[in-house]
Amino acid sequence: MDIQTVGIIGAGTMGNGIAQACAVVGIPVVMVDISDEAVQKGVATVAGSLDRLIKKDKLTAAEKDRALALIKTSTRYEDLAGAQLVIEAATENLALKTRILQQADALLPPETLIASNTSSISITKLAAATQRADRFIGMHFFNPVPMMALVEVITALQTSEATHDAVKALAVRLGKTPISVKNAPGFVVNRILVPMINEAFFVLAEGTATAEDIDEGMKLGCNQPIGPLALADMIGLDVILAVLEVYLAEFNDPKYRPAQLLREMVAAGRLGRKTRRGVYSY
Ligand SMILES: NC(=O)c1ccc[n+]([C@@H]2O[C@H](COP(=O)([O-])OP(=O)(O)OC[C@H]3O[C@@H](n4cnc5c(N)ncnc54)[C@H](O)[C@@H]3O)[C@@H](O)[C@H]2O)c1
């Protein structure tokens, strides 16, 4: 399957990042959202991001213009019909994604591949909601998409090898490094990362070390660019807690039980940077 044009559903943080990643390597994109305002905001975000690359001498003004010209926008799924791969990057909600995917499935040519960028919903379950489960896959980009090198390529139980190979090849064309993952809660990276962050809350609550020293330890001792508690503040403590609750339910394994301190901080509304107070104050 030769992917010449990529369709994207959702022009938010991830959708516009994926659009940028495609456009800068010369792949035409059709980006769809629910309103003109949403798609225009997505395009403006890409333009701003490209301007920052120009300032850093990583892109020329002509390359920016060429990339922006490759991004078409629409509010109609019908306009995705010319794409060989459609990547769904809409709001994280099972009912919403199921509805979007069923609508797209009914409209798109049968050979079109569909991928979801979901962080937490089962790819196998989403594949089963379509009539093309063998041509359905997970493509989990990381935020910010233009900067982050990894794409987890997640095969559902039903995904064909041809679909996997085509999507992996596209990730390489985008300048990313794909890893192949079988569908499971948290895939690979978040499955390992989130319990590590949870463990940092246990260590903090036990008084073993201060937050600053825990973060310094993990930065200097494990070469992590940011400590786990500072990272929790960036991601949002509510998000970390919700993810742990999913692992606890899905794996039915007590090793995923959230630290009580994490629960307390979420209950207090100390969610991290977005509320200007989490483990640290901002
Ligand atoms: N933000 C992250 O760090 C991150 C990282 C990896 C994966 N993800 C996943 O990517 C997906 C998108 O997340 P985001 O952070 O970009 O969210 P976001 O809120 O920034 O953007 C979501 C967009 O989807 C649009 N949308 C909602 N309903 C729609 C519909 N019916 N049709 C078309 N568009 C619709 C919204 O208008 C919005 O613009 C989620 O599944 C999320 O789990 C997010």
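Each ligand, and each atom within it, is numbered from 1 in the order the structure gives. Bear in mind the structure is a predicted one, so any value in this text is a computation, not a measurement. Count residues from 1 along the sequence.
Looking only at distances, a side-chain donor or acceptor of T45 sits under 3.5 Å from a matching main-chain atom of K41. Under the 3.5 Å distance criterion, the side-chain polar atoms of T159 are matched with a main-chain donor or acceptor of F136. The closest donor-acceptor contact from the side chain of K97 to the backbone of A90 lies under 3.5 Å. With hydrogens and angles ignored, the 3.5 Å screen pairs no side-chain donor or acceptor of N198 with any backbone N or O of L244. Judged by distance alone, with hydrogens and angles left aside, the side-chain atoms of D233 form a donor-acceptor pair with the main-chain N or O of V279 at under 3.5 Å. Between the side chain of T163 and the backbone N or O of D134, at least one donor-acceptor pair lies under 3.5 Å. Proximity of a side-chain donor or acceptor of R277 to a complementary backbone N or O of G272 within less than 3.5 Å is not detected. No side-chain donor-acceptor contact under 3.5 Å links Q20 to the backbone of S49.
Polar contact with ligand 1: absent for A38 (N/O pair, distance under 3.5 Å). Looking at K97 next to ligand 1, an N or O pair under 3.5 Å apart turns up.
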- prompt: Would Q4 and D2 count as a side chain to side chain donor-acceptor pair (under 3.5 Å) if you check the C-alpha gap in whole Å, the side-chain angles of each, and the deciding distance to 0.1 Å?
  reply: CA-CA 6 Å; Q4 286 155 6; D2 190 15; 3.2 Å; yes
message: Please determine whether side chain to side chain donor-acceptor pair (under 3.5 Å) holds for the pair N183 and S122, giving the CA-CA distance in whole Å, both sets of side-chain angles, and the decisive distance to 0.1 Å.
response: CA-CA 7 Å; N183 181 59; S122 163; 3.2 Å; yes
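For K72 and D79, the salt-bridge test fails: no basic side-chain N is under 4.0 Å from an acidic carboxylate O.
Remark: minimum distance from atom 27 (C) of ligand 1 to any protein heavy atom is reached at T91 OG1, 3.4 Å. Given atom 9 (C) of ligand 1, the protein heavy atom at minimum distance is N117 O, 3.3 Å. The shortest contact between atom 28 (N) of ligand 1 and any protein heavy atom is with L96 CD2, 3.7 Å. In this structure, the protein non-hydrogen atom closest to atom 6 (C) of ligand 1 is F141 O, 3.2 Å. What sits closest to atom 29 (C) of ligand 1 on the protein, heavy atoms only, is I34 CG2, 3.6 Å. Scanning the protein heavy atoms around atom 32 (N) of ligand 1, the nearest turns out to be Y77 OH, 2.8 Å. Summary of contacts: the protein heavy atom closest to atom 11 (C) of ligand 1 is A90 O, 3.3 Å. Regarding atom 41 (O) of ligand 1, its nearest protein heavy-atom neighbour is E92 OE1, 2.4 Å.
One option in M139, E88, M14, M148 has a heavy atom closer to atom 13 (O) of ligand 1 than any other, and that option is M14. When the heavy atoms of A89, G236, S120, A104 are ranked by distance to atom 12 (C) of ligand 1, first place goes to A89.
For the ligand labelled ligand 1, residue H140 lies inside the 4.0 Å heavy-atom shell. Taking 4.0 Å as the cut-off, K41 does not count as a neighbour of ligand 1 on heavy-atom distance.
Under 4.0 angstrom from ligand 1, there are no non-hydrogen atoms of I121. Using a 4.0 Å cut-off between heavy atoms, D33 contacts ligand 1 through both its backbone and its side chain. Looking at F142 against ligand 1, nothing comes within 4.0 Å, counting heavy atoms.
Counting only heavy atoms, the protein gets under 4.0 Å from atom 43 (O) of ligand 1. Put simply, atom 19 (O) of ligand 1 has no protein non-hydrogen atoms near it, under 4.0 Å away.
Contact atoms of ligand 1 toward I9: 32 (N), 33 (C) (distance under 4.0 Å to a heavy atom of the residue). Close contacts of ligand 1 with S119, meaning ligand atoms under 4.0 Å from a residue heavy atom, involve 6 (C), 7 (C), 8 (N), 9 (C), 42 (C), 43 (O), 44 (C). Atoms of ligand 1 lying under 4.0 Å from at least one heavy atom of G12, given by number and element, are 16 (O), 20 (O), 21 (O), 23 (C), 39 (O). Each of the atoms 41 (O) of ligand 1 lies under 4.0 Å from some heavy atom of T118. With ligand atoms numbered from 1 in the order given, ligand 1 contributes 15 (O), 16 (O), 20 (O) to contacts under 4.0 Å with heavy atoms of T13. Against a heavy-atom cut-off of under 4.0 Å, G10 is close to the following atoms of ligand 1: 24 (O), 34 (N). Below 4.0 Å from some heavy atom of N143 lie the following atoms of ligand 1, by number and element: 1 (N), 2 (C), 3 (O).
In this structure, OH in Y282 is found 4.5 Å from CZ in R273, a value given to the nearest 0.5 Å. Put simply, CD1 on I121 and CD on E88 are 7.5 Å apart, with the number rounded to the nearest 0.5 Å.
Judged purely by distance below 3.5 Å, without hydrogens or angles, the side chains of E92 and T118 pair a donor atom with an acceptor atom.
Y247 does not carry R257 over the face of its six-membered ring by the limits of under 6.0 Å from the centre and within 45° of the normal.
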